[in-house]
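Letters A, B, ... are given to chains in the order of the sequence lines, protein chains preceding strands, and every chain is numbered from 1.
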There are 2 protein chains.
Amino acid sequence: MPYSQEHKEKTRKKILNSARELFSKRGFDSVTVNEIMEACSLTRGAFYTHFSGKSNLYSEALKYSAMNSELTKKKPKNISSKQWLSQLLDAYLSVEHVRGEEPCPLAFLATDIVSRDKAAKDAYAEAYKKMNEIIMDYAGVDATCKEENIISLTSMIIGAVAISRTIDDRRSVENILQSCRQQTRLILGEI
Amino acid sequence: MPYSQEHKEKTRKKILNSARELFSKRGFDSVTVNEIMEACSLTRGAFYTHFSGKSNLYSEALKYSAMNSELTKKKPKNISSKQWLSQLLDAYLSVEHVRGEEPCPLAFLATDIVSRDKAAKDAYAEAYKKMNEIIMDYAGVDATCKEENIISLTSMIIGAVAISRTIDDRRSVENILQSCRQQTRLILGEI
DNA sequence: TTCTTTATATGATAAAGATCATATATAAAG
DNA sequence: CTTTATATATGATCTTTATCATATAAAGAA
């Protein structure tokens, strides 16, 4: 048995990582398999021993992305849940996120998903659910009571990031993000 | 001079209308020129006397869409600005909008725009600005003072519609839309 | 009716890109 | 060191689709 199992795993993850970034930034159609493979210094031939095809890679990359998202990081013990949540939301609503290499596919792929296959939609729905749960946990709402607030919050932050990406003018982007950061405080009842 | 000028204008509008609907629903790449033309009972050959190419059609359709959007409809005289705004927002945050034939490209194409050309981005930015202005007008805020509230409001409704389209389960969609309808009232200070 | 202009249709071209078939290289096992 | 399974690379194929070139048809003008 040539090539250790770990080697294959590593390669798979390199592919997933390139795919995650490229797909998130440019959507399914604009990215080519070749391009993804070259981004991790491989050629397209190697691709098919790791994934059954492009769409398969897309949904796997989505899962992978959700699994390694910023939101899933553990809270440091020395700060409160609400403080931590504030930090997470500010990072989400930042220019660095909008323009950076760790894009949240929920925002970056919001409209791309609609034309994709069931596996991709399922992965997206799962990630969306998870985001709401994580935020609800940190916000510490009483179950049913204020779930709606969290749902409107996630719609807002996802919308804000998606819109920000369409806009070239940096000042406008700052303005959108700042407005929404402020609104998160209002929704969470911290002002 | 064969074919009246109005005939050409009519055809152009038919094409724009098919394009608007198809592009909004499925994005730039998934839609073919052929498909758009067949949707208005023409063949692809006729296309190039009306538009210089597919990307040109895309940006033109975006402008056309913004120009004929629900939001631009005139307010009936017998109701207040705030009442009218409430109606507009409820219609925007409805299943009919999410699943219907009059999609708002701001929500439906939020992430598709990123990979498009400058003309498309400009058209999108223009439509976005207009949406904010219209809502600000109806909400009657004092210029700079609460502009941020409106910006967070538009982020939320655009985000909500975009997310709703990714979700198959009708009950979940209703839940998202209802939560955001409620939040619009809070943001506009009506509760 | 005939002529002429231009919208529309049809057939051809060419490029892009996903996937497959085949060749090569690598490293573990003996 | 040799063998061998499998990861990777290369070349070929096939489909899709935008766009172009050319033909046809429609309708206003004479």
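Here D/dT16 presents its P atom at 13 Å from CD of B/E35, a figure rounded to the nearest Å. Between the CE atom of A/M37 and the P atom of C/dG17 there is a distance of 16 Å, given to the nearest Å. Protein atom NE2 of B/H7 is 14 Å distant from nucleotide atom C1' of C/dT5, rounded to whole Å. Atom CZ of A/F51 is separated from atom P of C/dA18 by 15 Å (rounded to the nearest Å). Summarising the geometry, the separation between CG on B/N34 and P on D/dT16 is reported as 13 Å, rounded to the nearest angstrom. What separates NZ of A/K10 from C1' of D/dT8 is a distance of 17 Å, to the nearest Å. In this entry the distance linking NZ of A/K8 with C1' of D/dA5 reads 12 Å, nearest Å. A/E38 places its CD atom 10 Å from the P atom of D/dA9, with the value rounded to the nearest Å.
Of the possible donor and acceptor atoms, none in the side chain of A/K14 sits under 3.5 Å from a partner among the backbone N and O of A/M37.
In this structure, of C/dA18, D/dT8, C/dT8, it is C/dA18 that holds the atom nearest to the side chain of A/K54. Distance from the side chain of B/T49 is smallest for C/dT8 among the nucleotides D/dA18, D/dA9, C/dT8. Of all nucleotides listed (D/dA18, C/dA18, C/dA9), D/dA18 comes nearest to the side chain of B/T32. Closest to the side chain of B/Y48, from the set D/dT19, C/dA18, D/dA7, is D/dT19.
Both A/I157 and A/M136 belong to a common hydrophobic cluster when Ile, Leu, Val, Met, Phe, Trp and Tyr are linked at side-chain heavy-atom distances under 4.5 angstrom.
Side-chain atoms of B/Y58 and B/I113, non-hydrogen and from C-beta on, do get closer than 4.5 Å to each other.
Both A/G45 and A/D29 lie near DNA chain C, and the one whose nearest nucleotide falls closer to the 5' end is A/D29.
A/F47 comes within 4.0 angstrom of no nucleic acid atom, judged by non-hydrogen atoms across all strands. When heavy atoms are screened at a 4.0 angstrom cut-off, B/T43 is found touching base atoms of the nucleic acid.
One donor-acceptor pair, N or O on each side, does fall under 3.5 Å between the base of C/dT19 and the side chain of A/R44.
For the OP1/OP2 pair of C/dT8 and a distance below 4.0 Å, the side-chain nitrogens and oxygens of B/T11 include at least one atom meeting the criterion.
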Pairing pattern in dot-bracket form [Watson-Crick, G-U; both distances under 3.5 Å; | = partner strand] for DNA chain C: ||||||||||||||||||||||||||||||
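B/F47 has its ring centre less than 6.0 Å from the ring centre of B/F51.
Pairs of residues two or more places apart, or lying in two chains, that qualify as salt bridge (charged side-chain N to carboxylate O under 4.0 Å, His left out) and include a residue from residues 59-69 of chain A are A/R12-A/E60, A/E60-A/K63.
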Derivation and outcome, salt bridge (charged side-chain N to carboxylate O under 4.0 Å, His left out), residues B/K118 and B/D122: CA-CA 6 Å; B/K118 182 161 170 12; B/D122 287 349; 2.7 Å; yes
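For A/K54 and A/F28, the positive end sits near the middle of the six-membered ring, less than 6.0 Å away and at most 45° from its axis.
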